[in-house]
Q: 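Here you go, one structure.
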Amino acid sequence: MPTCSKPRRVLLLGIGNILWADEGFGVRAVEEFHHRYVVPDEVTILDGGTQGLHLVNYLQESDRLIVFDAIDYGLEPGQLKLVRDEEVPRFTGVRKMSLHHTGFQEVISACDLLGHCPKDLVLIGCQPLDLDDWGGPLTPAVRNQIGPAVELARLILVEWGVQVTPRITPLRESEWLLANGIDHQRYEMRART
């Protein structure tokens with residue numbers, strides 16, 4: 001008898017702080033992915049923001065993980081770098097914002113200690129230019145990498161056998177990941193005025 005295998009659960013996660021300029025890259029990338037594509041129910045698209053250890057449950061429930069984040073690789077501002085599997089924990093997080101801030105390395109470590117970390121890990125990182133502009137928008141170098149980062153995530157999902165379909169009908173505001181004026185378009189416009 002053939003066996004039915006359940007689909008692997010995938011988490012597409014954007015992390016970062018939209019209030020610190022380029023630190024918001026991960027959140028803006030996952031937001032854009034959600035605007036562009038429809039994915040099956042086994043894929044969760046999540047704005048992880050700065051939730052730290054609150055993300056452990058989401059990771060534990062996932063077999064595969066793609067993370068968007070601003071990462072200081074020491075590269076030219078705006079340059080993307082893709083890191084996979086055991087290399088991911090070495091590159092997560094630009095800096096801690098305070099002594100109370102939990103880095104993503106700690107989230108992955110907590111999942112490991114609890115006995116379930118996603119089997120497949122992918123980090124799509126973007127080299128930031130400015131992390132000190134409180135309330136400021138993404139710099140052009142980083143903002144211009146959102147589209148390419150979203151495309152990288154789409155290709156990885158396809159590689160994993162996940163059906164990714166372009167949205168035909170734009171999302172209603174009630175379906176956005178971010179609302180109340182902190183979505184990318186409204187926040188960027190307010191930051192420029």
Side-chain angles (χ1 to χ4, degrees), residues 10-37 39 43-59 62 64-84 87-98 101-108 111 118 120-157 176-179 182-188 191:
V10 177
L11 176 60
L12 187 61
L13 176 65
I15 56 177
N17 188 333
I18 63 170
L19 300 177
W20 288 105
D22 290 341
E23 169 64 13
F25 169 78
V27 173
R28 296 312 184 193
V30 79
E31 177 185 25
E32 182 62 23
F33 186 96
H34 183 62
H35 277 281
R36 289 187 190 185
Y37 297 111
V39 291
V43 178
T44 299
I45 299 174
L46 181 66
D47 158 23
T50 58
Q51 294 182 48
L53 289 174
H54 294 287
L55 297 172
V56 168
N57 289 337
Y58 291 100
L59 268 69
S62 303
R64 292 177 160 161
L65 171 66
I66 298 174
V67 180
F68 296 106
D69 196 6
I71 305 292
D72 187 1
Y73 297 111
L75 303 172
E76 289 296 313
Q79 192 168 342
L80 291 178
K81 182 171 181 173
L82 186 126
V83 179
R84 288 183 180 255
E87 292 293 307
V88 169
R90 289 186 40 217
F91 289 104
T92 53
V94 177
R95 65 176 179 185
K96 289 189 176 191
M97 299 311 218
S98 75
H101 182 201
T102 303
F104 199 65
Q105 297 96 327
E106 287 92 349
V107 174
I108 291 174
C111 287
D120 298 303
L121 302 172
V122 174
L123 170 64
I124 300 172
C126 184
Q127 177 70 43
L129 173 63
D130 186 355
L131 298 170
D132 296 319
D133 185 4
W134 169 253
L138 297 176
T139 60
V142 171
R143 184 174 49 250
N144 290 338
Q145 292 303 319
I146 290 174
V150 166
E151 178 61 11
L152 273 173
R154 185 192 69 79
L155 291 171
I156 292 162
L157 289 171
W176 293 359
L177 286 181
L178 294 120
I182 62 168
D183 60 281
H184 194 196
Q185 179 64 28
R186 291 184 204 175
Y187 186 82
E188 290 271 326

Q: What's the separation between atom CZ in Phe68 and atom CG in Leu13, rounded to the nearest 0.5 Å?
A: 9.5 Å

Q: So which atom in Ala149 and which in Phe25 form the shortest heavy-atom distance, rounded to 0.1 Å?
A: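 Nearest heavy atoms, Ala149 then Phe25: CB-CZ, 3.7 Å.
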
Q: Can you tell me how far CD1 of Ile156 sits from CZ of Arg64, rounded to the nearest 0.5 angstrom?
A: 11.0 Å

Q: Is the shortest side-chain heavy-atom distance between Ile18 and Arg28 below 4.5 Å?
A: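 Result yes, sub-4.5 Å side-chain heavy-atom pair found.
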
Q: Distance from His35 atom NE2 to Ile45 atom CD1, nearest 0.5 Å?
A: 10.5 Å

Q: Which atom pair, heavy atoms only, marks the closest approach of Asp130 to Ala21?
A: O-CB, 3.2 Å

Q: Counting N and O atoms only, with roles assigned by atom type, does the side chain of Gln127 sit under 3.5 Å from a partner on the main chain of Leu75, one being a donor and the other an acceptor?
A: yes

Q: List the residues meeting side chain to side chain donor-acceptor pair (under 3.5 Å) with Gln145, not counting sequence neighbours, and say none if there are none.
A: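 Side chain to side chain donor-acceptor pair (under 3.5 Å) list for Gln145, sorted by chain: empty.
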
Q: So, do Leu55 and Leu46 sit near enough that their side-chain heavy atoms are less than 4.5 Å apart?
A: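 A side-chain contact under 4.5 Å exists here.
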
Q: Under the rule for salt bridge (Lys or Arg N to Asp or Glu O under 4.0 Å), what residues qualify as partners of Asp47, not counting sequence neighbours?
A: none

Q: Between Asp22 and Thr139, is there a side-chain donor-acceptor contact under 3.5 Å, judged purely by atom types and distance?
A: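 Result is yes, a qualifying pair exists.
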
Q: Centroid-to-centroid, Trp176 to His34, below 6.0 Å?
A: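 Trp176 vs His34: aromatic centres not under 6.0 Å.
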
Q: What's the spacing between Tyr37 OH and Arg154 CZ if we round to 0.5 Å?
A: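 If I round to the nearest 0.5 Å, the distance is 5.0 Å.
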
Q: Which value, rounded to the nearest 0.5 Å, describes the distance between Ile71 atom CD1 and Leu123 atom CG?
A: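 Rounded to the nearest 0.5 Å, the CD1-CG separation comes to 4.5 Å.
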
Q: More than 12 heavy atoms of other residues, nucleotides or ligands under 6.0 Å from OH of Tyr58: yes or no?
A: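 Atom OH in Tyr58 is not crowded, with 12 or fewer foreign heavy atoms closer than 6.0 Å.
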
Q: Say you draw a straight line from CH2 of Trp20 to CG of Leu131; how long is it, rounded to the nearest 0.5 Å?
A: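 The distance works out to 9.5 Å.
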
